There are 2 protein chains.
Amino acid sequence: MKKSSTTESLILHAAERIFFLRGFDGARMQEIADEASINKALLHYYFRSKERLFDAVFEAAVSRLLPPVLSVLHLELPLREKITAFVEAYFTTVLENPFLPGFIVHELQRNPAHFRAVIAARRIDVLETLKMQLHEGAESGIWRRISAEQFMLNLFSLCAFPFVARQGMQALSGKNDHEYLLLLEERRTLISGWVLDMLRPETVNVK
Amino acid sequence: MKKSSTTESLILHAAERIFFLRGFDGARMQEIADEASINKALLHYYFRSKERLFDAVFEAAVSRLLPPVLSVLHLELPLREKITAFVEAYFTTVLENPFLPGFIVHELQRNPAHFRAVIAARRIDVLETLKMQLHEGAESGIWRRISAEQFMLNLFSLCAFPFVARQGMQALSGKNDHEYLLLLEERRTLISGWVLDMLRPETVNVK
DNA sequence: GTCTATAAGCAGATAGAC
DNA sequence: GTCTATCTGCTTATAGAC
């Protein structure tokens with residue numbers, strides 16, 4: 001019992017590292033077994049098939065990212081603080097699992113239905129609260145009018161893309177791993193300001 | 001001669017569709033052959049191996065995206081127009097090849113050296129010109145001080161992420177393909193404004 | 001150049017001993 | 001529960017006819 005539970009999570013963690021790195025198609029059961037220091041047969045004993053093992057990893061991955069990050073969007077918070085909270089939650093989670101965004105993004109492409117199913121099962125509705133809040137802010141003239149969808153895209157893009165396309169951005173900027181991490185830490189403190197800049201009314205337009 | 005050239009490009013286009021959709025590991029030579037309405041043997045006759053065929057596709061993909069998009073960053077243009085030109089170039093190119101960004105991003109992860117090699121071969125330096133321009137703008141007080149790296153990340157993120165994570169964003173927003181395309185067209189007109197907002201000096205801070 | 005047929009190797013999955 | 005050994009099918013790649 002105890003033994004089985006630890007082996008199961010041992011496998012899960014090994015599978016996670018491999019799947020995160022290589023995706024479903026690129027991963028080999030043998031490599032996962034090696035990573036867990038066991039043999040292939042045990043993988044099948046615990047998870048029956050590669051697909052089921054992957055599903056378990058994907059489910060765990062989504063569970064690790066979405067709840068902490070999306071839940072803040074529903075909090076009773078002024079927009080300004082909500083944005084900061086979101087960015088903080090995102091960077092905290094993702095800096096601990098740098099391959100998570102790329103992994104999810106790739107699976108999004110490989111099997112769109114998979115993610116949809118997970119979202120549907122969790123009854124996630126990110127936009128509902130945001131829509132109201134943005135609408136109110138626009139009515140009272142505090143914030144510029146913007147659709148919740150575009151706002152969400154902006155927020156997600158600024159946070160996620162630097163992780164998703166990390167290798168490309170490092171290649172273009174010539175930064176090594178350490179320097180790029182510093183860049184990311186800097187972003188963490190800057191993004192919420194930028195997002196608010198985009199929301200500022202255009203009244204005092206330059207020129 | 002003529003025959004071989006058309007077959008070669010027939011294969012290349014078929015391979016592109018399949019590789020774009022499934023990535024290197026997920027693609028099957030058989031499926032590419034079917035897509036081109038030929039047989040597997042011909043693929044090897046023309047490209048010798050799956051890997052070489054993929055390289056050809058990747059090279060072509062990078063060639064289609066980077067030059068038109070990055071070249072505008074070197075033009076002798078005021079920052080304001082440069083940003084608009086970049087966004088226009090990006091959306092024009094990518095709306096014609098919607099899977100291009102996801103394909104490149106995935107390959108970035110699968111084989112980082114591959115992209116580095118392509119960049120190095122082309123002697124691409126995006127930041128050089130930008131650095132100067134941003135520095136000047138900051139000195140003269142027109143624009144806020146920001147590193148060229150963060151600026152590039154912002155611009156790229158806002159443009160690329162909506163394509164890269166399209167399936168996820170559609171799932172979260174509940175938009176269908178058509179509605180999402182409209183959203184993208186709207187972004188095309190909005191992004192440069194947002195990027196400029198992020199550059200506005202903070203002097204007239206709200207509250 | 002293009003095809004059919006086949007080789008060679010590998011990956012996922014199972015059988016069965018311990 | 002964990003292992004070794006093995007099966008089965010698929011995938012890339014080649015041989016060779018036309």
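The chains referred to below are lettered A, B, ... by the order of the sequence lines, with proteins before strands, and numbering in each begins at 1. The shown structure was predicted, so the numbers you read here are calculated from the model rather than taken from an experiment. The figures here come from the full heavy-atom set of this structure, side chains too, leaving out hydrogens, waters and symmetry mates.
- Listed by first then second residue, pairs satisfying ring pair (Phe, Tyr, Trp, His ring centres under 6.0 Å) with a partner in residues 59-90 of chain B read Phe86(B)-Phe156(B), not counting sequence neighbours.
- The phosphate of dC3(D) has neither OP1 nor OP2 within less than 4.0 Å of any side-chain N or O from Tyr45(A).
- Here the closest heavy-atom approach between residue Trp143(A) and residue Arg80(A) is recorded as CH2-NH2, 4.0 Å.
- Counted within 6.0 Å of CD on Glu128(B), heavy atoms from surrounding residues, nucleotides or ligands total 12 or fewer; the atom is thus considered open.
- Within residues 47-59 of chain A, no residue has any heavy atom under 4.0 Å from DNA chain D.
- Rounded to whole Å, atom P of dT14(C) lies 17 Å from atom OH of Tyr46(A).
- Defining each end axis of the helix from dG1(C)-dC18(D) to dC18(C)-dG1(D) as the rotation carrying four pairs' C1' atoms onto the next four, with five pairs an end, the two axes are found to diverge by 10° to 10 degrees.
- Within a 6.0 Å radius of CZ in Arg48(A), other residues, nucleotides and ligands contribute 12 heavy atoms or fewer.
- Side chain of Lys50(A) to main chain of Ala27(A): a donor-acceptor pair is present (N/O by atom type, distance under 3.5 Å, no hydrogens or angles).
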All N/O pairs under 3.5 Å across the protein-nucleotides 15-17 of chain D interface:
none

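- In this view, Ile146(B) and Trp194(A), Leu134(B), Gln150(B), Phe151(B), Asn154(B), Leu199(B) satisfy the side chain to side chain contact (heavy atoms under 4.5 Å, CB included) rule, not counting sequence neighbours.
- Between Thr7(A) and dG1(D), a side-chain N or O to OP1/OP2 separation shorter than 4.0 Å is absent.
- When rounded to the nearest whole Å, the span between NZ of Lys40(B) and P of dC3(C) equals 13 Å.
- Rounded to an integer number of Å, the gap from Leu10(B) CG to dG1(C) P is 14 Å.
- Under 4.0 Å is where a charged nitrogen must lie from a carboxylate oxygen, and between Glu35(A) and Arg28(A) no such pair does.
- Across all strands shown, Leu43(A) has no heavy atoms under 4.0 Å from either base or sugar-phosphate atoms.
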Please determine whether ring-ring contact (aromatic ring centres under 6.0 Å, His included) holds for the pair Phe163(A) and Phe91(A), giving the CA-CA distance in whole Å, both sets of side-chain angles, and the decisive distance to 0.1 Å. CA-CA 10 Å; Phe163(A) 289 93; Phe91(A) 274 79; 5.6 Å; yes

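- Between Phe54(B) and His114(B), the ring planes are tilted. Angles from 30° to 60° get that label.
- For the pairing with Pro162(A), the side chain to side chain contact (heavy atoms under 4.5 Å, CB included) check across Leu184(A), Ile191(A), Val94(A) returns one residue only, Leu184(A).
- Surrounding CD of Glu139(A) are more than 12 heavy atoms belonging to other residues, nucleotides or ligands, all under 6.0 Å away.
- The distance from the CG atom of Asn97(A) to the CG atom of Leu65(A) is 8.5 Å, given to the nearest 0.5 Å.
- Spacing between atom NE2 of His44(A) and atom P of dT6(D) amounts to 18 Å, rounded to whole angstrom units.
- An OP1 or OP2 oxygen of dC3(C) is reached within less than 4.0 angstrom by a side-chain nitrogen or oxygen of Asn39(B).
- Contacts between residues 13-37 of chain A and DNA chain D, defined by a heavy-atom separation below 4.0 Å, involve no residue at all.
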Residues Arg22(A), Glu31(A); criterion side chain to side chain contact (heavy atoms under 4.5 Å, CB included); working and verdict: CA-CA 11 Å; Arg22(A) 313 214 185 285; Glu31(A) 195 180 2; 2.9 Å; yes

